[in-house]
Structures are given as structure tokens and as C-alpha cells.
Amino acid sequence: MTSNRNIVIVGAGHGAGQAVMSLRSGGFDGHLILIGEEPYVPYQRPPLSKKFLAGELELDRLYFKPINFYSDKQIELMLSVRVIDVVPKQNYVKLHDGREVHYDKLILMTGSRVRKLDVPGADLPEVFYLRTIEDVESIRKHFAKNAKLIVVGGGYIGLEVAAVAVRLGLDVTVLEAADRLMPRVVGDEVADFFKHMHTQEGVKIETGKTVSGFEGKGKLKRVVCTDSTQFDADVAVIGVGILPNQELAEQAGLEVDNGIVVDEYCQTKNDDILAAGDCTNHPNAILGTRLRLESVHNALEQAKTAAATLCGSRKEYAQVPWFWSDQYDVKFQIAGLSQGYDEVVMRGDPSKKKFAAFYLKKGVLIAADAINAVQEYMASRKLIAQKAKIAPDRLADTNIPMKEMV
Ligand code: FAD
């Protein structure tokens, strides 16, 4: 690789931190520029709804790499800078302040943004979303003991916020539009477990509640649902999904389809533009389908793949997706994607907060939810990659070690 090449990365998020690291370790010694609209060096978002929200983690512990890593590795940081346009014909990006930055190769790592609720009152000052450090800092100012918190959305982030808040002494209610928690990602058995656990901790779980508005004169007073039920509120946190930041790619004439379309090497149709992380729609050879993922593992692995592509050592991205969530004393680990399952096999004892739910499709293991069950989770990642068919009674039998099944 020539040393005078210019690589520009747009978006200085979690994946971008990995990308610059992998580019340097992969031998790229040219000019490397990281442009991000947030004022921070790349940081980890998962603690935002967990230990950082709980006040148990200092800001600098969020950083993916210490600040001096970037100067040591001669990475030019352009922070608090928004890219407003990509001009592919002339290989440069336009910044919000009018400057232009040339690239030989560009990696779009623009991540995703929260999906906003388009209902009256959503702009009241005590109504929040959670994506950035600033969001957490604003939310925490309202986390007073006994304050009434309404969490809109019973997905991972909503439930993590609820867990932190109730332990801090807030009066917490979760409103979920579906008839159970985490409807997009887990089966009934696991949803029931989480409902039971949160209820025991003092969180009120209200399913079948679609929020139609936030009310109060200049200050949030209550949250209203489409069935006319109302919930008093001092503060609300909304977690109803995210949208990929694909607009730059779209304006540049690249293909987008629920994410920036890339191949297994993170390459777009333009030879000089790659994309990685939350913002991509990518193929997954193991799952045999294209998908967009919202996970750290995907962002880090795609970052490595994009870096390898640019360093000339092609490394196909083919991974079993995995995620995690921490709620109270529960380590919840998810391997694979359960959509389309036709059978659920339970292993272990939910009442002991240690069990796994395996999702099968035509007998093949496609996903697993592991609650404080690391062995089950680790084995599942391998079994899913192997497209393993295991008899349900064996899977369920805790006397048979998971490693015997791999
Ligand atoms: P991001 O980290 O989102 O970074 C993208 C960056 O690009 C952002 O800083 C954005 O401001 C910037 N940007 C966008 N457009 C522009 C532009 N035009 N100009 C300049 N900069 C731009 N995943 C898990 O696997 N496990 C978890 O437990 C987990 N918990 C989470 C908790 C929270 C509260 C959140 C918000 C996310 C969580 N995630 C979790 C998801 C995970 O954090 C994301 O999947 C990951 O951050 C994606 O990395 P990324 O680099 O693709 O995007």
C-alpha cells in the first residue's frame, strides 16, 4: 500500500475507533482522518443505558481508546464537525463549516439515530431519547428519588433504563405497544421472565399501550395512550428503535435499502467508498441473507473487514450475530437471530435466573437467549454457525454439558 494515500472516515463512533486501529495495525501508514459530529473521541455506547446512566462509570472509561492513542498513531481527529455532503466524482467531503476534505478512500461509519415519536408533546423538555453522552447527562438531572419515570418502549434499551432507574429509587412504568416485552427479539418464555423480574424489582410493566401524546404546560405532567389511559410523569425516556444514517450515501448516489448497501468486504458500488457498522445493509453468508444490525459486535467486525479491504488483505465478513444486555444481576446474551423459529427449547430454570431458550427452525438451531448461562451462549454461537441439528431433549438436558453438543 502506498504511503501517501488519504483515508477519511465519516462518523467517529464505536466502529470507527476499531477501524482506525485495524488500519494502522494492518499496515496503512498514510494520512488517516476521522471526522465526527460529536465532541468526543470514539466511545462505547452500551454503558450509556447501564453503568454510565447509573453513575457507576466515569466518562473516560467510555472511550474506546485513550485520547493520546490518536496522536500516537498519527490519526487526525476532526471532532464536532458534521459532514454534509459526499462528492464522489471529485473524491471529497463537504463539512458543515464550508471546508472540504479530500479522500482517496472513504469509509462511511455514520451509525444510526433514534427513531422519534411523532406525537403531540414529544418536544416537552422532560421527554428524552438515549443515544449519546449528552442524552445521559440530561436524563440523569431528572433522576431524583421518587420521580415518576415513564419508559416508552419495552426493548433492550428501555428495560435497561428501567432497571437502572428503579434501583436509583424512581417510580418506573414501562409502556410497550406490543402484548409482551422485547417483541422483536425474544420468544414468549423469555419475555415472561423479564416481565416477572422487572415487576419483582418494582417496575410497572404495561403492555398493549401505544403512546399518543405527552401533556403538560411547558413541563411534562402525563403520558397519554391511544386507549385513553394516562400515566402521571415527571420524566420520560423513549426507546422505540433506531434508523440508519444513510442520507450521505443516498445523496452520493450509492444504493441504500434500510442501510447503505455493501458487499461482504464492506465495499459499496463505488470503488473508493466503503461503509461499516450500524448504517449498513450487508450480506451474511452464515445466515444466507442480507441484514442490518444494531450491535457492537457487528460494528467492530465490519470495521476490521473494511480496514482489511483497504490494507489489501481481504477478510470476508461472515459472523453469527450476537448481542448482550445487562439488567440488575442478569447477564442476558443473545446469539443468532430468532425470526422465523418454529420451536423453542428451554434449558435450565428461569426461577433460578439461569437458563437458556433455544430457537429452532426445521430442527436447526438459529438463535439462543442465555440468561446468566455463559456455556449455553458460547456453545450456541458455534452451533448456529454449524447449522447444527440437535435433538430437543438433548438440548434441554442440563446433565449433558453444552460442549458435548458442539
Ligand atoms: P455509532 O457508534 O452510532 O457511531 C456513529 C457516529 O457517526 C456517531 O457519533 C454520529 O454522531 C456520527 N455521524 C453520523 N453522521 C455524521 C456526519 N454526517 N458527520 C459526522 N459524524 C456523523 N450494542 C450491543 O451489542 N450491546 C449493547 O448492550 C448495546 N447497548 C446500547 C446501549 C445504548 C444506549 C445505545 C445507544 C446503543 C447500544 N448498542 C448496544 C448498540 C451499539 O452501541 C451500536 O451498534 C454501535 O455503537 C454501532 O457503532 P457504529 O460505529 O456503527 O455507530
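Indexing begins at 1, ligand by ligand and atom by atom, following the structure's order. The figures that follow rest on heavy atoms only: side chains count, while hydrogens, waters and symmetry mates do not. One is the number of the first residue; the rest follow in order along the sequence.
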Please tell me whether H14 and F64 form a close aromatic pair, meaning their ring centres lie under 6.0 Å apart.
yes
The protein heavy atom nearest to atom 32 (C) of ligand 1 is S49 OG, 3.3 Å
Within 4.0 Å of some non-hydrogen atom of L130, the atoms of ligand 1 are 34 (C), 36 (C)
Within 4.0 Å of some non-hydrogen atom of K50, the atoms of ligand 1 are 27 (C), 28 (O), 29 (C), 30 (N)
Touching ligand 1 at all, R113? Heavy atoms, strictly under 4.0 Å?
-> no
One finds that the ligand 1 atoms under 4.0 Å from a non-hydrogen atom of S295 are 23 (N), 25 (O), 45 (O)
E38 heavy atoms within 4.0 Å reach ligand 1 at atoms 8 (C), 9 (O), 11 (O)
Atom 25 (O) of ligand 1: of I157, L300, V296, the nearest heavy atom sits on V296
Between E376 and the options R347, R381, K382, the salt bridge (charged side-chain N to carboxylate O under 4.0 Å, His left out) test singles out R347
Of Y156, Y129, W324, the one whose closest heavy atom lies nearest atom 27 (C) of ligand 1 is W324
Only residue of I286, I366, L287, L365 satisfying side chain to side chain contact (heavy atoms under 4.5 Å, CB included) with K387 is I286
Practice prompt. Please determine, by modelled atom types, if D227 and T229 share a side-chain donor-acceptor pair under 3.5 angstrom.
Written response: yes
Determine, for D232 against K221, whether the closest basic-nitrogen to carboxylate-oxygen distance falls under 4.0 angstrom. no
re atom 41 (C) of ligand 1, the protein heavy-atom contact at minimum distance is E294 O, 4.3 Å
Below 4.0 Å from ligand 1: does a non-hydrogen atom of V81 turn up there or not? yes
Donor-acceptor pair between D104 and N91 side chains, under 3.5 angstrom: no
Of Q18, R45, R82, Q44, the residue with the heavy atom nearest atom 8 (C) of ligand 1 is R45
Ranked by distance from atom 19 (N) of ligand 1, the top protein heavy atom is V83 N, 3.0 Å
Atom 49 (O) of ligand 1: of G11, A299, A276, the nearest heavy atom sits on A299
Within 4.0 Å of some non-hydrogen atom of G277, the atoms of ligand 1 are 52 (O)
query: Are F323 and H297 an aromatic pair by the rule of ring centers under 6.0 Å?
result: no
- Query: Between D329 and K353, does at least one N-O distance fall below 4.0 Å, as a salt bridge requires?
  - Reply: yes
> Is the backbone N or O of F231 less than 3.5 Å from a side-chain atom of R222, with the two atoms forming a donor-acceptor pair by type?
Replying inline: no
Check your understanding: Backbone or side chain, does any N or O of W322 fall under 3.5 Å from an N or O of ligand 1?
Key -> no
*Side chains of E201 and T199: donor-acceptor distance under 3.5 Å anywhere?*
no
re atom 4 (O) of ligand 1, the protein heavy-atom contact at minimum distance is G13 CA, 3.2 Å
Report task. Verify the ring-centre separation between Y341 and F358: is it less than 6.0 angstrom? Result -> no
Open item on the list: With no hydrogens and no angle check, just 3.5 Å: does a side-chain donor-acceptor pair link Q302 and T280?
Closed with: yes
inquiry  = Can you confirm if the NZ or CZ of K116 lies within 45° of the ring axis of Y129 and under 6.0 Å from the centre of its six-membered ring?
reply    = yes
If you scan protein heavy atoms around atom 48 (C) of ligand 1, the nearest is D278 OD1, 3.2 Å
**Message:** Looking at ligand 1, would S325 count as a contact under a 4.0 Å heavy-atom criterion?
**Reply:** no
Per-atom filter on ligand 1: closer than 4.0 angstrom to a heavy atom of H14 are 2 (O), 47 (O), 49 (O), 51 (O)
State whether the shortest distance between N or O atoms of E37 and N or O atoms of ligand 1 falls below 3.5 angstrom. yes
Below 3.5 Å, can you tabulate the donor-acceptor pairs from side chains in residues 135-143 to any protein atom, sequence neighbours excluded?
{"from": "D135", "atom 1": "OD1", "to": "T132", "atom 2": "OG1", "distance (Å)": "3.4"}
{"from": "D135", "atom 1": "OD2", "to": "R131", "atom 2": "N", "distance (Å)": "2.7"}
{"from": "D135", "atom 1": "OD2", "to": "T132", "atom 2": "N", "distance (Å)": "3.0"}
{"from": "D135", "atom 1": "OD2", "to": "T132", "atom 2": "OG1", "distance (Å)": "3.2"}
{"from": "S138", "atom 1": "OG", "to": "E134", "atom 2": "O", "distance (Å)": "3.0"}
{"from": "R140", "atom 1": "NH1", "to": "L53", "atom 2": "O", "distance (Å)": "2.4"}

Of all protein heavy atoms, the one nearest atom 14 (C) of ligand 1 is T110 O, 3.2 Å
Residues R292 and D278 bridged, charged N to O under 4.0 Å:
no
Near L248 (heavy-atom distance under 4.0 Å), the atoms of ligand 1 are 18 (N)
- Considering only NZ, NE, NH1 and NH2 on the basic side and carboxylate oxygens on the acidic side, decide whether D326 and K331 come within less than 4.0 Å. yes
Ligand 1 to G36, heavy atom cutoff 4.0 Å, flagged ligand atoms 20 (C), 21 (N)
Below the 3.5 angstrom mark, is there an N/O of G15, backbone or side chain, next to an N/O of ligand 1? yes
Atom 36 (C) of ligand 1 sits nearest the protein heavy atom R131 NH1, 3.6 Å
Atom 40 (C) of ligand 1 sits nearest the protein heavy atom P46 CG, 3.9 Å
(Q) Any nitrogen or oxygen of F323, side chain or backbone, less than 3.5 Å from one on ligand 1? (A) no
